[in-house]
Number of protein chains: 2
Amino acid sequence: MSDKRSPARRPTMKDVARHAGVSQSAVSFALNGRPGVSEETRDRVRRAAEQLGWRPSAAARQLSGEGAATVGFVLARPADTLGVDSFFLQLVSGIQEVLAERHLGLLFQVVEDVDDECAVYRRWWAEHRVDGVLVVDPRTDDPRPDLLDELGLPAVVIGGAPDERHPGLSTVWADDAGAMASVVDELYALGHRRIVHIAGLPGLAHTERRIRTLRAEAGRRGLAEVESVTTNYSDAESAAVTRRVLGRSAPPTALIYDNDVMAVAGVATAAELGFSVPADVSVLAWEDSALCRMVKPWLSALSRDSVEFGRTAARELTALVDGGPARTVRVPVPRVIVRDSTGVARRG
Amino acid sequence: MSDKRSPARRPTMKDVARHAGVSQSAVSFALNGRPGVSEETRDRVRRAAEQLGWRPSAAARQLSGEGAATVGFVLARPADTLGVDSFFLQLVSGIQEVLAERHLGLLFQVVEDVDDECAVYRRWWAEHRVDGVLVVDPRTDDPRPDLLDELGLPAVVIGGAPDERHPGLSTVWADDAGAMASVVDELYALGHRRIVHIAGLPGLAHTERRIRTLRAEAGRRGLAEVESVTTNYSDAESAAVTRRVLGRSAPPTALIYDNDVMAVAGVATAAELGFSVPADVSVLAWEDSALCRMVKPWLSALSRDSVEFGRTAARELTALVDGGPARTVRVPVPRVIVRDSTGVARRG
DNA sequence: ATTAGTGACTAATACGCTTTAGGTTGGCCG
DNA sequence: CGGCCAACCTAAAGCGTATTAGTCACTAAT
């Protein structure tokens, strides 16, 4: 029934074989670089395949044990949370770059929560759909590493901490703790003593890591008025929290936002409340993007190369799929790009 | 070699058959709702499958003629262009919603240009990897519809104009022309006579459609100082163009930006140049998102439901894949959301 | 009472590929 | 000159599913 819109028939190996005047197995040997055919024949087969525009059927190939030539990527965020987030598109773009070289497909899925995500992994595994997966947003007390271990599905955790309990998983991580330490250094040097960290989703490993580090750094310097508040990464919650903390009798002099969107919303809110940035309050965005240069004042930001992050993760996954060992690699520490939204703390 | 990390073996149909004490074909019949097995056996088989956690191998299924249970989505934008764009993530999110119901996978790829995109379609087709594709960013003089026709690959063009030259393709489109007409109406009524449209990529069908309509509407009203300027959708080009046109001796009193990112960058640039929005110049964003409420003044915007757009497209594609007829469906005309960035034109 | 027909199931085949096990040459050694 | 090995190639099996063609027992119809 769908034949009527299938004018072109896909050539099969048999066609190539007939065309080159050899057996089907010879074609397989020739094109996969196996021994067993003369160079001359190999060439002839290659030309025949080329001419017919033949490409191996992914399904057939997989069925005879070659793997799915596909990796999976699940994004577990409620639909309304993934609005203006530059990070993921950039990450995916980097991932693609590496996968494309190897002609690996990327199976992509957006789900509501981690449970759904686990269900997707199970299904993909059972249906042989992917050779491995990329896991983002690792959490404290995350069910996914155990599951992936159990399934024996090669996986790279992006943004997690090194995890020796799951030796089968590779990890690609950024040193959030180090970055947070340097941020506190910087703000402290500028005289800031009351700092609020508008964090991302509670339960995410890097959120917790940043919060812990901030607390530790504050403790080390004897700062009592330093705190973290978790949000859902949205501009709305950012605005709400900003309004709340700036409304205090002794408002913070510095705000650290866990992404660029929240930082922009925060600056707008501060302006509404009559706070001038950076004169009254300094703002730092934990994620750099074009957004940070689209508002006045330009936002100081922690910059990391998300595209390269993606590339690294994809490279680790392909290595893993090829049977290589699991590894833990650290990408460069995000650097603080000082622009116009941070300055010396106001006295008082 | 990869066996050592494959502790769990995936159950096959044969396992289910053995477990239920029937033949393999009986299992197939039972689970696919075919006649040929008693209700009692069907139940027994179903339970066995359930218990073993069996799921059909996607590859095997496809090899026996069932299609790939996957649709493709290619995004042809240079990596640096897909920074802060809320549209695509929302679109994809809507697409996923519909595909997930049907247990269809989404194979996603980012490429540099349309030629690469065509190559991807050819490869997917030849490798039997997808049952259909979603095409975005249709162009004037687009090679893709012809190619997809030739390959007989079911496809839905998102955002194109109805196209009777390719009866095999479905089209889901928004009425850009109508929207532009209403925008001009609105601005004209506010007294604007000099209008600049900072458009998106030249060559994109909807860009050209908007430009043509703007020109026609201007002509109809005898407005000579109305023009469109194409860009690459980036904040940088938007800023450059904004600076240029506002620097004229008789600057425009209204600016229409083809996306939210450019509009935000435009407002920032206008502010830098000492133009107050909307007192000196009105700004309208052709795309609504959280961004529009993150800058001061809040941006008036053309709003459409991108998630629903994605859902509609995905529904059309599944229908097409199921052998249904190609259709052309129009989503609701984007509505103008008036916020604070548009106002009465300044006299002079 | 024989036959046709039906319901419930099994055996066998196809899908397109990889891989293993043969098979046929020709050259070289003993 | 028989035997053996390497080089080249073909036949056949297997991957997991859907499907087509039986098989068998039993009932309904002639």
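Every chain is numbered from 1 and lettered A, B, ... according to where its sequence line falls, protein lines coming before strand lines.
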Going from [atom1] on [X] to [atom2] on [Y], what distance comes out if it is rounded to the nearest 0.5 angstrom?
X	Y	atom1	atom2	answer
B/D163	B/W173	CG	CH2	12.0 Å
A/D149	A/R144	CG	CZ	14.0 Å
A/D142	A/L204	CG	CG	9.5 Å
B/S23	B/M13	OG	CE	9.5 Å

Closest to side chain of [X], choosing from [options]:
X	options	result
B/T12	C/dT18, D/dA18, D/dT17	D/dT17
B/E66	D/dT10, D/dA18, D/dC9	D/dA18
A/S57	D/dG16, D/dT10, C/dG16	C/dG16
A/L63	D/dC8, C/dC9, C/dG16	C/dG16
B/R61	D/dA18, D/dT19, C/dC9	D/dA18

Without decimals, in angstroms, what is the distance between [X] [atom1] and [N] [atom2]?
X	N	atom1	atom2	answer
B/N32	D/dG16	CG	C1'	13 Å
A/Q62	D/dG16	CD	C1'	11 Å
A/F29	C/dT19	CZ	C1'	7 Å
A/M13	C/dT18	CE	C1'	8 Å
A/R9	C/dC15	CZ	C1'	13 Å
B/E127	C/dC15	CD	C1'	17 Å
B/E39	C/dC9	CD	P	11 Å
A/E40	D/dA7	CD	P	17 Å

Scan [X] against the nucleic acid and name what it touches under 4.0 Å (heavy atoms): base, sugar-phosphate only, or nothing.
X	value
B/Q24	base
A/G65	nothing
B/R42	nothing
B/S28	base

Within the pair B/R34 and D/dT19, is there a side-chain N or O less than 4.0 Å away from OP1 or OP2?
yes
Is the phosphate of D/dG16, meaning OP1 or OP2, less than 4.0 Å from a side-chain N or O of B/W54?
no
base_contact_polar (C/dA11 base, B/S25 side chain, donor-acceptor, <3.5 Å)
yes
So for B/S64 and D/dT17, does any side-chain atom that can act as donor or acceptor lie under 3.5 Å from a complementary atom in the base?
yes
Please compare B/S23 and B/H128 by the position of their nearest nucleotide in DNA chain C and report the one closer to 5'.
B/S23
A/T70 versus B/R129, side-chain donor and acceptor atoms under 3.5 Å
yes
Is there a donor in the side chain of B/T41 and an acceptor in the side chain of B/S38, or the other way round, less than 3.5 Å apart?
yes
